[in-house]
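This report concerns only the one structure given below.
The structure presented is a predicted model; accordingly, all values stated were derived computationally and were not measured. Atoms considered below: every heavy atom in the structure, side chains included; atoms not considered: hydrogens, waters and symmetry mates.
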Amino acid sequence: MIEDARVLRAGFVPREVEHRDPEVNHLSSVLEPITRGEPADTALLTGPSGAGKTCIAKFTVDRLRQRHLDVEYQYVNCWQNHSHYRAAYRVLEGLGRTVDIHRQSTPRDELTERLRDYAGSPVVVVLDEVDQLDDKRLLYDLHAMPQFSMVLIANREEELFAGMDERVTSRLTGGERIRFDRYALDELVSILEARARWGLEPDAIHRAELERIADAAAGDARVAISVLRTAARHARDDGADRITEENVSSAVPEARAEVHRKSLDSLTSHQRALYEVIEARGEVEPADLYAAYRERVDDPKSDRTVRNYLQKMAQYDLVVAEGTSRDRVYRLPERLAAV
DNA sequence: GCTCCACGGGAAGGATAGGCTT
DNA sequence: AAGCCTATCCTTCCCGTGGAGC
């Protein structure tokens, strides 16, 4: 049934990519000066999740490194490393320059110095989910160092620049922008087809089922591959030699539920209380929500902290905040209709 | 227009953790 | 071993901004 589970995992970078030639070529040309020993412009990749931004960034840099020995590369996910310290540390880690920095109390400037002193091969730093970085000075610092070239990845450009001061934005607005759109249905199908070809036994899944998955994924390749993985696991557990319509049907909500459950697990009891209030009321105005929350917990946090929680929860897609001012209401996100 | 409400940036402060110095 | 230092993380307070509704 499953021949190579790796290709069904999130984060797998295929040897060939589909439907993204213009983006690959654009990014390659932006990075091209590095091969001549010159610093490249900063590239900014934007687009919805599952549109292939991370995959294309990794693929393109890999390809560049295959052709040119003297290019280093470091990938940093800013969602997981959102502080200045952690992100800078990760960059150094990729260069093997952290040997004697194990302690947590290294002054921040020392990390920056360490980066500045780096005199090896040019480095491409891919900063994924860069809008999550809470101190954007790292971008400014790296920009000023010619040995580093940056590929920034964010869902939306506006949100990225929202939290930056003038100094940083003026440097970055000159960079190259590469936009990604959601995959069309037939594009997703051929992506899934390729994964099935590499990862599953021949004939393990038929085109009708692939189309079904692509349809449910609504243009998001990450979701599509996750559904394929779940369906393949179901079929394997059944001892079947092929993924059935039934496997796909049950995999769609399960893959979605899994993401949701993981997010819920990561909430604190206060955040969970907020979630439960919103769940119970359906749609609730801020003042009511704050009051109901204060009723519900022993030692309530301030409204400001609650707003921080809600913002975080919105980023995890656990709640939706509608309206920007007095019209603000909170509700749970609408689940896509079952397939 | 004016008022009100809510948002969210920023600064400040406390808790906590780990390395370094004495 | 104790105390100091510097970092992160979390929380709170203050307050400017801006849209909605009157």
Side-chain angles (χ1 to χ4, degrees), chain A residues 76-93 97-117 127 129-142 154-170 172 263-275 277-278 281-333:
Chain A
V76 181
N77 184 320
C78 299
W79 181 281
Q80 280 140 28
N81 305 278
H82 53 88
S83 71
H84 182 284
Y85 180 84
R86 292 271 284 278
Y89 187 92
R90 290 277 294 151
V91 176
L92 282 166
E93 197 174 48
R97 296 304 161 103
T98 53
V99 245
D100 54 343
I101 318 181
H102 295 302
R103 58 187 201 276
Q104 211 172 36
S105 53
T106 306
R108 163 157 74 200
D109 292 345
E110 192 180 327
L111 288 177
T112 310
E113 279 310 306
R114 220 45 98 84
L115 288 168
R116 193 168 286 132
D117 291 347
L127 294 167
E129 309 202 51
V130 67
D131 48 315
Q132 294 299 316
L133 204 57
D134 37 45
D135 188 345
K136 306 287 197 300
R137 263 179 300 173
L138 179 65
L139 305 182
Y140 182 80
D141 289 343
L142 284 176
N155 283 7
R156 289 154 49 83
E157 191 175 311
E158 307 85 76
E159 279 157 28
L160 173 59
F161 288 122
M164 289 194 203
D165 68 43
E166 276 306 302
R167 274 190 325 157
V168 187
T169 40
S170 60
L172 296 178
S263 309
L264 278 181
D265 283 348
S266 69
L267 297 183
T268 66
S269 61
H270 289 268
Q271 292 163 339
R272 186 177 298 270
L274 284 166
Y275 181 85
V277 171
I278 298 169
R281 306 245 179 144
E283 194 172 274
V284 56
E285 291 171 13
D288 294 345
L289 174 58
Y290 299 156
Y293 157 78
R294 280 194 297 271
E295 284 291 304
R296 206 181 180 98
V297 299
D298 287 338
D299 191 12
K301 312 285 188 185
S302 71
D303 291 358
R304 182 68 187 86
T305 298
V306 166
R307 283 200 288 276
N308 283 342
Y309 289 165
L310 289 166
Q311 203 173 40
K312 199 80 193 163
M313 290 160 73
Q315 285 177 352
Y316 278 105
D317 285 328
L318 286 171
V319 302
V320 174
E322 262 174 347
T324 57
S325 176
R326 294 186 65 177
D327 57 340
R328 170 62 64 94
V329 290
Y330 293 99
R331 59 174 177 78
L332 298 190

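- Comparing dC9(C), dT12(C), dT11(C) by their closest approach to the side chain of Y309(A) singles out dT11(C).
- In this entry the distance linking CD of Q132(A) with P of dC9(C) reads 13 Å, nearest Å.
- Counting to the nearest Å, the P atom of dT12(C) and the CZ atom of R294(A) are 12 Å from each other.
- Rounded to an integer number of Å, the gap from CG of D288(A) to C1' of dA6(B) is 13 Å.
- Remark: the backbone N or O of K301(A) is paired with a side-chain donor or acceptor of Y293(A) at under 3.5 angstrom.
- Between the CG atom of L133(A) and the P atom of dC9(C) there is a distance of 12 Å, rounded to whole Å.
- In this structure, A287(A) reaches the sugar-phosphate backbone alone: every heavy-atom distance under 4.0 Å involves primed, P, OP1 or OP2 atoms, never a base.
- Under the side-chain hydrogen bond (donor to acceptor under 3.5 Å, both in side chains) criterion, D303(A) pairs with R294(A), not counting sequence neighbours.
- No hydrogens or angles considered: nothing links the side chains of S266(A) and S263(A) as a donor-acceptor pair under 3.5 Å.
- N308(A) places its CG atom 13 Å from the P atom of dG10(B), with the value rounded to the nearest Å.
- Taking five base pairs at each end of the helix from dG1(B)-dC22(C) to dT22(B)-dA1(C), the local helix axes there meet at an angle of 10°, rounded to 10°.
- One can place NZ of K301(A) at 12 Å from C1' of dA15(B), the figure rounded to the nearest angstrom.
- Among residues two or more places apart in sequence or in another chain, the salt bridge (Lys or Arg N to Asp or Glu O under 4.0 Å) test is passed with R296(A) by E276(A).
- Contact between the side-chain N/O atoms of Y290(A) and the OP1/OP2 oxygens of dC7(B) is found at a separation under 4.0 Å.
- Take S325(A) and apply the side-chain hydrogen bond (donor to acceptor under 3.5 Å, both in side chains) test, not counting sequence neighbours, and it matches no residue.
- Side-chain contact check for R307(A) and Y309(A): no donor-acceptor pair (N or O, by modelled atom type) lies under 3.5 Å.
- Taking R90(A) as the reference, E93(A) meet the salt bridge (Lys or Arg N to Asp or Glu O under 4.0 Å) condition, with sequence neighbours excluded.
- Remark: R86(A) pairs with no residue by the salt bridge (Lys or Arg N to Asp or Glu O under 4.0 Å) rule, at least two apart or across chains.
- R331(A) is linked by a side chain to side chain contact (heavy atoms under 4.5 Å, CB included) to E283(A), V320(A), E322(A), E334(A), counting only residues two or more places apart in sequence or in another chain.
- The side chain of T305(A) sits closest to dT11(C) out of dA7(C), dC7(B), dT11(C).
- Residue Y330(A) places none of its side-chain N or O atoms closer than 4.0 Å to OP1 or OP2 of dA6(B).
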Please write out the pairs of protein N or O atoms and N or O atoms of nucleotides 18-22 of chain C separated by less than 3.5 Å, giving the distance to one decimal.
residue, atom, partner, partner atom, Å
dG18(C), N2, S325(A), OG, 3.2
dG19(C), N3, S325(A), OG, 2.9

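- Rounded to a whole Å, the CE atom of M313(A) is 13 Å from the P atom of dC7(B).
- Annotation: side-chain hydrogen bond (donor to acceptor under 3.5 Å, both in side chains) contacts of N308(A) (sequence neighbours excluded): R304(A).
- Here the C1' atom of nucleotide dA6(B) and the CD atom of Q311(A) are 13 Å apart, to the nearest Å.
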Contact list (N/O, under 3.5 angstrom) for nucleotides 15-17 of chain C vs protein:
none

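- Under the rule for a side-chain hydrogen bond (donor to acceptor under 3.5 Å, both in side chains), R326(A) has no partner lying at least two apart in sequence or in another chain.
- Considering only residues two or more places apart in sequence or on other chains, N77(A) meets the side chain to side chain contact (heavy atoms under 4.5 Å, CB included) condition with Y75(A), W79(A), Q80(A), E129(A).
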